[in-house]
Amino acid sequence: MSTSKKAEDQLRLFTDDQLEVYEKGKDELTLAEFPLGLAGKDPTRKGKTAVSYQDLIRDSSTGAPITRTVTIQGSEEFGLPTYYDEEILFGVLQLTNLHRTGDEWPKQVRFSRYHLAKILGLKTDGRTYRRIWDSLHRLANTTYNFRFSFFDKQDEEWRPSVVITFIQTLVVHGGPIPGKNGEVTIRWNDDIHRNFQAGYLRNINFTEYRAIGLPLAKALYRYLGKHFHRRSRLKFDLKVFAYEKLGLSRAHNVGQIKAALAPAIERLENHGFIKPASKSERYKKMGVGRWDIIFEKMTPQTSFPMEVSPATVAEAKLIELGVSPGVASQLVTEFPEEVIDRKIDEFNFAVARGKGPERNPGGWLAKSIRESWNPPEDYKTPEEREAAEREREAKETAKKQAAQEKRMKEVQLAQVQAIRNEWIRKVKSSMPHDELEALKEKVIAEQGGDEFAQQLWVPLVEAHIAEVLEREGKIPKLPADDPK
């Protein structure tokens with residue numbers, strides 16, 4: 001059969017009904033683990049053509065910690081991919097699934113932009129087709145550098161480094177041939193296709209995925225769906241989850257992260273994918289600036305094989321501080337997370353003051369947890385330190401306010417004195433000489449007429465003039481409180 005005949009047969013495989021009711025989707029596990037594009041607009045990434053995401057996990061087969069990194073390198077012409085581009089790639093995967101014959105996945109797929117829009121539930125108009133054209137070219141020009149984050153299912157190993165473009169070859173057909181203007185041929189990268197063939201995939205309810213709508217909610221749906229296979233309750237460090245798993249801007253603070261996640265979480269709650277939860281149930285404060293986010297699945301999910309389980313935050317910290325992966329795994333199983341967090345905090349306190357272990361810090365820390373050692377001398381809990389910091393800030397604020405109030409009073413006093421002095425000077429200078437002399441004799445006599453009173457006659461006269469002006473309401477009185 002000729003190549004053109006095969007292409008025509010392939011295109012005829014798609015019908016509108018088939019695309020619109022497509023439900024039994026597939027998700028390759030590598031594609032769902034890290035963001036493959038940017039989530040929303042991020043001014044800190046403006047003009048950049050590269051972004052990296054990373055995490056620390058524990059390989060369940062060896063117990064060894066692995067730092068996984070994905071670096072996305074966009075092109076100067078098309079820039080970095082976004083969530084929209086990631087969804088386009090996901091749609092191409094679904095069209096590939098529809099072309100599948102048994103367990104045989106086609107490496108090359110031909111389809112039209114109309115087909116891709118239909119299966120993703122997008123509008124079938126010129127604007128959508130232009131966006132799809134841009135997305136496919138952006139994806140074909142984007143390089144992904146996986147460091148211990150690409151699992152080769154056939155060889156059952158984490159590859160130390162895999163540098164790929166998911167779309168190995170892109171051909172956009174055009175020209176005057178009727179009906180061919182929107183057709184596209186893509187050829188998958190060899191390594192990702194190997195994972196298709198090896199079954200490194202999970203089933204996904206594509207009807208539900210389409211109905212979710214919001215891009216961030218869809219990304220959340222795919223990531224949680226992948227990890228719900230092991231446990232029905234998932235807990236993540238909020239910042240790690242937002243920055244490294246969903247691609248939110250690292251410029252976001254905790255409040256901004258929660259605000260960005262709120263619509264996506266609400267959408268998944270409304271679809272019955274995760275259990276509804278109040279803010280206090282969804283988010284748990286673990287320390288100053290440290291929060292956990294918690295999800296529970298609503299309905300049982302089909303289990304799919306996974307070679308790795310994400311280490312808990314506490315487990316990852318223990319490993320970073322020298323505790324062996326096996327011991328760290330045992331500790332997080334035997335002891336509550338708050339106990340481990342407290343002992344890690346005590347350990348860091350001791351080390352910072354030169355009172356930590358000289359050798360085998362991991363063993364020292366593990367023993368302190370198991371034997372419940374007393375805290376180091378002068379140690380304060382994070383709550384106590386936070387309270388002390390709040391008290392210090394309150395005192396500092398009160399001190400600044402007092403200084404400001406004092407300065408305001410000084411300024412006000414200077415203004416009043418300037419007004420009084422100007423009036424006194426004018427009145428005094430306008431008095432006839434004999435009248436001023438009479439006033440001088442009067443104030444000296446009132447003060448006893450001694451030599452000291454005669455020396456102070458000028459301020460005494462001015463004080464007398466000020467009293468008269470105050471009674472007449474022509475000058476303000478001096479403030480009662482002395483700001484000094």
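Side-chain atoms of Glu296 never come within 3.5 Å of backbone atoms of Ser232 as a donor-acceptor pair (strictly under, hydrogens ignored). For the pair His271 (side chain) and Tyr209 (backbone), a donor-acceptor distance under 3.5 Å is absent. The backbone N or O of Trp105 lies less than 3.5 Å from a partner atom in the side chain of Gln197, making a donor-acceptor pair. Remark: side-chain polar atoms of Glu269 are paired, donor with acceptor, to backbone N or O of Ala277 under 3.5 angstrom. Between the side chain of Ser135 and the backbone N or O of Ile132 there is no donor-acceptor pair closer than 3.5 Å. Between the side chain of Arg159 and the main chain of Ser161, no donor-acceptor pair closer than 3.5 Å is present. Counting only distance, with no hydrogens or angles, the side chain of Thr128 and the backbone of Lys123 share a donor-acceptor pair below 3.5 Å. At distances below 3.5 Å, not a single donor-acceptor pair connects side-chain atoms of Lys355 with backbone N or O atoms of Val351. Remark: side-chain polar atoms of Asn270 are not paired, donor with acceptor, to backbone N or O of Arg267 under 3.5 angstrom. Put simply, the side chain of Lys297 never gets that close to the backbone of Leu234: no donor and acceptor are under 3.5 Å apart.
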Output, in order, the C-alpha distance, side-chain angles, deciding distance and verdict of side chain to side chain contact (heavy atoms under 4.5 Å, CB included) for Asp345 and Thr381. CA-CA 8 Å; Asp345 192 67; Thr381 67; 6.0 Å; no
Check the pair Leu29 / Lys153 against side chain to side chain contact (heavy atoms under 4.5 Å, CB included), numbers first and verdict last. CA-CA 10 Å; Leu29 299 179; Lys153 178 61 177 174; over 6 Å; no
What verdict does the side chain to side chain contact (heavy atoms under 4.5 Å, CB included) test give for Phe150 and Val163, after you've listed the backbone C-alpha separation in whole Å, the side-chain angles of each residue and the deciding distance to 0.1 Å? CA-CA 10 Å; Phe150 190 96; Val163 182; over 6 Å; no
Please determine whether side chain to side chain contact (heavy atoms under 4.5 Å, CB included) holds for the pair His137 and Glu77, giving the CA-CA distance in whole Å, both sets of side-chain angles, and the decisive distance to 0.1 Å. CA-CA 10 Å; His137 282 78; Glu77 182 179 0; over 6 Å; no
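Atom CZ in Arg290 sits 11.5 Å away from atom CG in Leu238 (nearest 0.5 Å). To the nearest 0.5 Å, atoms CG (Leu268) and CD1 (Ile274) are separated by 5.0 Å. Rounded to the nearest 0.5 Å, atoms CG (Leu170) and CG (Asn141) are 8.5 Å apart. Atom CD1 of residue Ile204 and atom NZ of residue Lys218 lie 10.0 Å apart, to the nearest 0.5 angstrom. Note that CG of Asn253 and NZ of Lys239 are 8.0 Å apart. Values are rounded to the nearest 0.5 Å. Thr397 contributes atom OG1, which lies 13.0 Å from atom CZ of Arg390 (distance to the nearest 0.5 angstrom).
Salt-bridge check for Lys395 with Glu391: passed, with a basic side-chain N closer than 4.0 Å to an acidic carboxylate O. Salt bridge present: Lys285 and Glu386 bring a charged side-chain N and a carboxylate O closer than 4.0 Å. For Asp378 and Arg353, the salt-bridge test fails: no basic side-chain N is under 4.0 Å from an acidic carboxylate O. Salt-bridge formation is detected for the pair Glu244/Arg250: a Lys NZ or Arg NE/NH1/NH2 atom is positioned less than 4.0 Å from an Asp or Glu carboxylate oxygen.
Judged by a 6.0 Å distance limit and a 45° cone about the ring axis, Arg222 is positioned over the six-membered ring of Phe90. Cation-pi check for Arg68 over Phe34 is not met; the charged atom does not lie both under 6.0 angstrom from the ring centroid and within 45 degrees of its normal. Because its NZ or CZ atom is both nearer than 6.0 Å to the ring centre of Tyr283 and within 45° of the ring axis, Lys258 counts as a cation-pi partner of that residue.
Shown here is Glu377, whose CD atom has no more than 12 heavy atoms of other residues, nucleotides or ligands within 6.0 Å. Within 6.0 Å of atom CD in Glu393, more than 12 heavy atoms from other residues, nucleotides or ligands are found, so the atom counts as buried in its surroundings. Environment of CG in Asp155: crowded, with over 12 heavy atoms of neighbouring residues, nucleotides or ligands closer than 6.0 Å. Arg282 CZ: more than 12 foreign heavy atoms inside a 6.0 Å radius.
Taking the side chain as every heavy atom from C-beta outward, Phe151 and Asn195 never approach each other to under 4.5 Å. At least one side-chain heavy atom of Arg110 sits under 4.5 Å from a side-chain heavy atom of Glu183. Taking the side chain as every heavy atom from C-beta outward, Phe78 and Leu139 never approach each other to under 4.5 Å. Here the side chains of Asn145 and Thr143 are not in contact, with every heavy-atom distance at 4.5 Å or above. Contact of the Glu208 side chain with the Tyr221 side chain is registered, since non-hydrogen atoms from C-beta on lie closer than 4.5 Å. A 4.5 Å side-chain heavy-atom check between Asp55 and Glu33 finds at least one atom pair inside the cut-off. Using a 4.5 Å cut-off on side-chain heavy atoms (C-beta onward), Ile119 and Arg210 make contact. Looking at Lys26 and Thr96, their side chains never come closer than 4.5 Å, going by heavy atoms from C-beta outward.
Using cut-offs of 30° and 60° on the angle between ring planes, the pair Tyr223 and His227 is tilted. Ring pair Phe166/Phe146 is perpendicular by interplanar angle, where above 60° counts as perpendicular and below 30° as parallel. Phe236 and Phe241 have parallel rings, their planes meeting at less than 30° on a 0 to 90° scale where 60° marks the start of perpendicular.
Counting all heavy atoms, side chain and backbone alike, Ser149 lies closest to Thr69 at OG-O, 2.8 Å. When every heavy atom of Thr49 is checked against every heavy atom of Ser75, the shortest pair comes out as CG2-O, 3.9 Å. Residues Asp27 and Ala32 come closest through the heavy atom pair OD2-CB, 3.6 Å. Counting all heavy atoms, side chain and backbone alike, Ser52 lies closest to Thr71 at OG-OG1, 2.9 Å. For Val92 against Trp188, the heavy-atom pair with the smallest separation is CG1-CZ2, 3.6 Å. The shortest non-hydrogen separation linking Ser249 to Tyr243 is O-CE2, 3.3 Å.
For the pairing with Thr124, the side chain to side chain contact (heavy atoms under 4.5 Å, CB included) check across Lys118, Arg113, His115 returns one residue only, Lys118.
Between Tyr22 and Asn97, the side chains place a donor N or O and an acceptor N or O closer than 3.5 Å (distance only, hydrogens not considered). Using modelled atom types, one finds a donor on one side chain and an acceptor on the other under 3.5 Å when comparing Thr30 with Glu28. Residues Ser278 and Glu281 have side chains that bring a donor and an acceptor to within less than 3.5 angstrom of each other.
Aromatic pair Phe349/Tyr379: ring centres closer than 6.0 Å.
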